[in-house]
Amino acid sequence: RELVQRLVDRELMLREAERYAPLEPAEQEVNARLDQASQRAGGDEGLARVLATGGLTVERIRAWIRDDRRIAAYL
């Protein structure tokens with residue numbers, strides 16, 4: 001239940017961020033955060049395994065990180 005609420009809240013914040021169109025995050029920042037996630041997962045192969053378990057791709061995680069940065073800029 002809490003997870004669903006967090007996802008709904010995130011989507012609402014993202015829609016507001018899109019409405020006010022903050023600057024796009026720098027590609028370097030997105031790459032740095034993706035590198036951090038990869039390191040936490042044990043490297044690129046570890047990240048790929050974790051993502052596959054959840055049915056996600058690196059491109060989807062990159063988009064998620066980008067959206068997180070857009071929400072942060074909006075807030």
Side-chain angles (χ1 to χ4, degrees):
R1 183 176 176 121
E2 183 179 333
L3 175 61
V4 171
Q5 186 61 52
R6 289 180 70 186
L7 289 171
V8 168
D9 290 345
R10 184 180 191 282
E11 186 63 29
L12 291 172
M13 285 187 287
L14 185 55
R15 287 180 186 207
E16 284 297 303
E18 288 173 358
R19 191 170 107 185
Y20 289 101
L23 294 176
E24 288 293 318
E27 193 66 25
Q28 299 147 314
E29 184 180 3
V30 174
N31 289 338
R33 291 189 180 265
L34 185 58
D35 287 343
Q36 290 171 352
S38 179
Q39 289 173 3
R40 285 192 306 265
D44 292 341
E45 289 180 17
L47 181 62
R49 260 192 318 277
V50 169
L51 295 177
T53 300
L56 298 170
T57 64
V58 172
E59 292 78 22
R60 180 63 195 118
I61 293 302
R62 181 180 298 282
W64 187 280
I65 293 168
R66 183 182 145 275
D67 288 345
D68 278 352
R69 302 315 309 148
R70 292 178 65 225
I71 290 169
Y74 164 73
L75 293 175

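A salt bridge does not link Arg69 to Glu24: none of the charged nitrogens lies less than 4.0 Å from a carboxylate oxygen. Taking a cutoff of 4.0 Å between a charged side-chain nitrogen and a carboxylate oxygen, Arg70 and Asp67 qualify as a salt bridge.
With respect to Asp9, the side chain to side chain contact (heavy atoms under 4.5 Å, CB included) criterion is satisfied by exactly one of Gln5, Arg6, Glu11: Gln5.
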Exercise for the section: Evaluate side-chain contact (heavy atoms from CB on, under 4.5 Å) for Glu27 paired with Arg62, printing each intermediate quantity in order. Expected result: CA-CA 10 Å; Glu27 193 66 25; Arg62 181 180 298 282; 3.4 Å; yes

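Residue Ile61 shares its hydrophobic cluster (ILVMFWY side chains chained together at separations under 4.5 Å) with Val30, Leu34, Leu47, Leu51, Leu56, Val58, Ile65. Chaining together hydrophobic side chains whose heavy atoms lie under 4.5 Å apart places Leu14 alongside Met13, Tyr20, Ile71, Tyr74, Leu75.
No side-chain donor from either of Gln39 and Asp35 sits under 3.5 Å from a side-chain acceptor of the other.
For Asn31, the CG atom is densely surrounded, since the number of other residues' heavy atoms within 6.0 Å is greater than 12.
A cation-pi arrangement is present between Arg10 and Trp64, with the terminal nitrogen or guanidinium carbon under 6.0 Å from the aromatic centre and inside a 45° cone about the axis.
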